[in-house]
Amino acid sequence: MRIRWVLGAVVVIACAALVMVLTVITVVNSQHRAESDMIDHVSCEAMLGPTRPGEQRSGVRQATNLNEEQLGTVSLIISIGQERGLPPRAWQIAIQAGMTESKLRNVPYGDRDSLGIFQMRPSMGWGSPEEVLDPQYQVNKFFDVMEDVPGWQSRRPGEVAQAVERSAFPERYHEWEAMAVHLVEELGEVDDAAGCGEIEGSTVPPNGAADAAIQFALRERGKPYVWGAEGPDAYDCSGLLLRAYEAAGVTLPRVSRDQYRAGSMLPVEQAAPGDLLFWAHDTSDPNTIHHVAMYIGDGKIVEAQQSGVPVHTRDVSFDEAGMLAEAVRPGV
């Protein structure tokens with residue numbers, strides 16, 4: 001009898017140990033899959049693409065106004081970029097720079113001794129006048145300098161164009177962002193140039209800061225809404241997100257209208273957990289934004305909505321009345 005009892009105990013212990021091992025393996029595999037998903041989604045280049053309401057459509061319209069010479073310049077930029085093994089982001093940067101500097105035309109004049117597509121100046125070491133009027137030379141030279149810009153692969157394309165050109169008017173390079181994306185997609189035959197299509201409906205935060213911000217905001221559920229409050233006992237909509245991202249090491253402006261301009265923009269349908277969603281009285285005018293919330297995945301947001309309603313999560317639809325067409329990814 002005692003022998004059977006001992007054998008039974010040994011079997012029970014062995015089974016328990018096996019269950020524990022299988023549980024550990026399952027947890028490790030789940031963590032590995034989550035980490036793999038995170039790596040995949042980090043590749044999303046959210047800085048490519050429209051940055052203001054309606055800009056995607058305006059980019060298409062702008063592209064249809066280009067003539068044969070201008071389209072030829074775009075094709076040359078793309079083909080040289082491909083030959084050099086550079087990604088679509090590099091082509092976009094060059095297109096935006098060329099459109100800003102010369103409207104993508106190889107002009108034999110410019111400010112002081114500036115010449116060509118990118119208005120390169122021989123006196124500043126860009127090459128001889130003959131070289132900087134040679135389209136092949138110009139494009140390759142632009143890419144040479146661009147590749148020396150620190151972090152060019154992850155910075156906003158117009159910002160990199162400015163770093164190459166060193167213009168006195170840095171903001172103007174952003175104007176052609178949407179058009180350049182459209183041209184990269186059409187002439188470069190690139191599907192989803194923004195690289196964010198794969199995260200549509202994602203439940204995986206695109207980076208560690210987003211995950212930390214989500215966890216902070218979720219912990220604040222149940223605290224009251226108070227206009228102008230920034231925590232820790234109460235919040236308004238932008239105050240909640242200010243503190244959430246502050247806890248993640250990312251600084252956001254105080255009010256929702258400024259938060260709209262404090263990160264990389266992407267189509268709202270491609271929002272990933274941690275991205276900010278905005279509502280406005282006039283969706284064509286970001287200056288009328290009146291509310292901001294954080295997308296947390298699975299069609300849900302966390303928000304501090306209004307007086308009498310504590311911080312909470314709720315279902316959201318990307319075609320809700322008043323929602324802007326762009327989501328914003330802070331810290332990118």
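Predicted, not measured: the structure shown is a model, and the values here were computed from it.
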For the backbone of [Y] and the side chain of [X], can you confirm whether one donor and one acceptor N or O come within less than 3.5 Å of each other?
X: Asp113; Y: Arg121; answer: no
X: Glu189; Y: Glu186; answer: no
X: Asp258; Y: Pro253; answer: no
X: Thr283; Y: Gly322; answer: no

How far apart are the closest heavy atoms of [X] and [Y], and which atoms are they?
X: Ala293; Y: Val302; value: CB-O, 3.7 Å
X: Ser238; Y: Gln259; value: O-NE2, 3.2 Å
X: Ala213; Y: Ala248; value: N-CB, 3.9 Å
X: Pro330; Y: Gly274; value: CD-O, 4.0 Å
X: Val292; Y: Cys237; value: O-CB, 3.5 Å
X: Ala271; Y: Ala327; value: CB-CB, 4.0 Å

[X] side, atom [atom1]; [Y] side, atom [atom2] - distance, nearest 0.5 Å:
X: Met179; Y: Thr64; atom1: CE; atom2: OG1; answer: 10.0 Å
X: Asp275; Y: Arg329; atom1: CG; atom2: CZ; answer: 4.0 Å
X: Glu246; Y: Thr251; atom1: CD; atom2: OG1; answer: 7.0 Å
X: Ser102; Y: Gln138; atom1: OG; atom2: CD; answer: 8.0 Å
X: Gln70; Y: Ile95; atom1: CD; atom2: CD1; answer: 12.0 Å
X: Arg257; Y: His291; atom1: CZ; atom2: NE2; answer: 14.0 Å

Enumerate the residue pairs fulfilling ring pair (Phe, Tyr, Trp, His ring centres under 6.0 Å) with a member in [range], sequence neighbours excluded, ordered by first and then second residue.
range: residues 75-99; result: none
range: residues 124-172; result: Phe118-Phe142
range: residues 211-232; result: none

Who are the ring pair (Phe, Tyr, Trp, His ring centres under 6.0 Å) partners of His290, not counting sequence neighbours?
->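 His290 satisfies ring pair (Phe, Tyr, Trp, His ring centres under 6.0 Å) with His281 once adjacent residues are dropped.
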Kindly write out the residues that satisfy ring pair (Phe, Tyr, Trp, His ring centres under 6.0 Å) with Phe278, not counting sequence neighbours, or none if the list is empty.
-> Tyr260
Enumerate the residue pairs fulfilling salt bridge (Lys or Arg N to Asp or Glu O under 4.0 Å) with a member in [range], sequence neighbours excluded, ordered by first and then second residue.
range: residues 129-139; value: none
range: residues 312-325; value: Lys300-Asp315, Glu303-Arg314, Arg314-Glu320
range: residues 221-230; value: Glu220-Lys223, Glu230-Arg243, Glu230-Arg254

Going hydrophobic residue to hydrophobic residue with side-chain gaps under 4.5 angstrom, can you get from Leu240 over to Val255?
->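 Unlinked, Leu240 and Val255 end up in two clusters.
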Which atom pairs, one a donor and one an acceptor, fall under 3.5 Å between side chains of residues 74-87 and the rest of the protein, sequence neighbours left out?
from: Ser75; atom 1: OG; to: Leu71; atom 2: O; distance (Å): 3.1
from: Ser79; atom 1: OG; to: Ser75; atom 2: O; distance (Å): 3.2
from: Ser79; atom 1: OG; to: Leu76; atom 2: O; distance (Å): 2.9
from: Arg84; atom 1: NH1; to: Asn140; atom 2: O; distance (Å): 3.2
from: Arg84; atom 1: NH1; to: Asn140; atom 2: OD1; distance (Å): 3.0
from: Arg84; atom 1: NH1; to: Asp144; atom 2: OD1; distance (Å): 3.1
from: Arg84; atom 1: NH2; to: Asp144; atom 2: OD1; distance (Å): 2.7
from: Arg84; atom 1: NH2; to: Glu147; atom 2: OE1; distance (Å): 2.8

Summary of side-chain hydrogen bond (donor to acceptor under 3.5 Å, both in side chains) pairs that have at least one residue in residues 162-171, sequence neighbours excluded =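 Every pair satisfying side-chain hydrogen bond (donor to acceptor under 3.5 Å, both in side chains) with a residue in residues 162-171: Ser167-Arg172.
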Shared-cluster residues of Val107, by chain and number - hydrophobic side chains joined below 4.5 Å = Tyr109
Let me see the working for Val268 and Leu324 under side chain to side chain contact (heavy atoms under 4.5 Å, CB included), right down to the final yes or no.
-> CA-CA 8 Å; Val268 70; Leu324 268 65; over 6 Å; no
Among Glu159, Gln96, Glu101, find the residue that satisfies the side-chain hydrogen bond (donor to acceptor under 3.5 Å, both in side chains) test when tested with Tyr173.
-> Glu101
Qualifying residues under side chain to side chain contact (heavy atoms under 4.5 Å, CB included), relative to Asp233, sequence neighbours excluded |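 In terms of side chain to side chain contact (heavy atoms under 4.5 Å, CB included), with neighbours along the sequence ignored, Asp233 is linked to no residue.
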Thr288-Asp282 side chain donor-acceptor pair, cut-off 3.5 Å | no
Verify whether one side chain among Glu69 and Asn106 offers a donor that lies under 3.5 Å from an acceptor in the other.
-> no
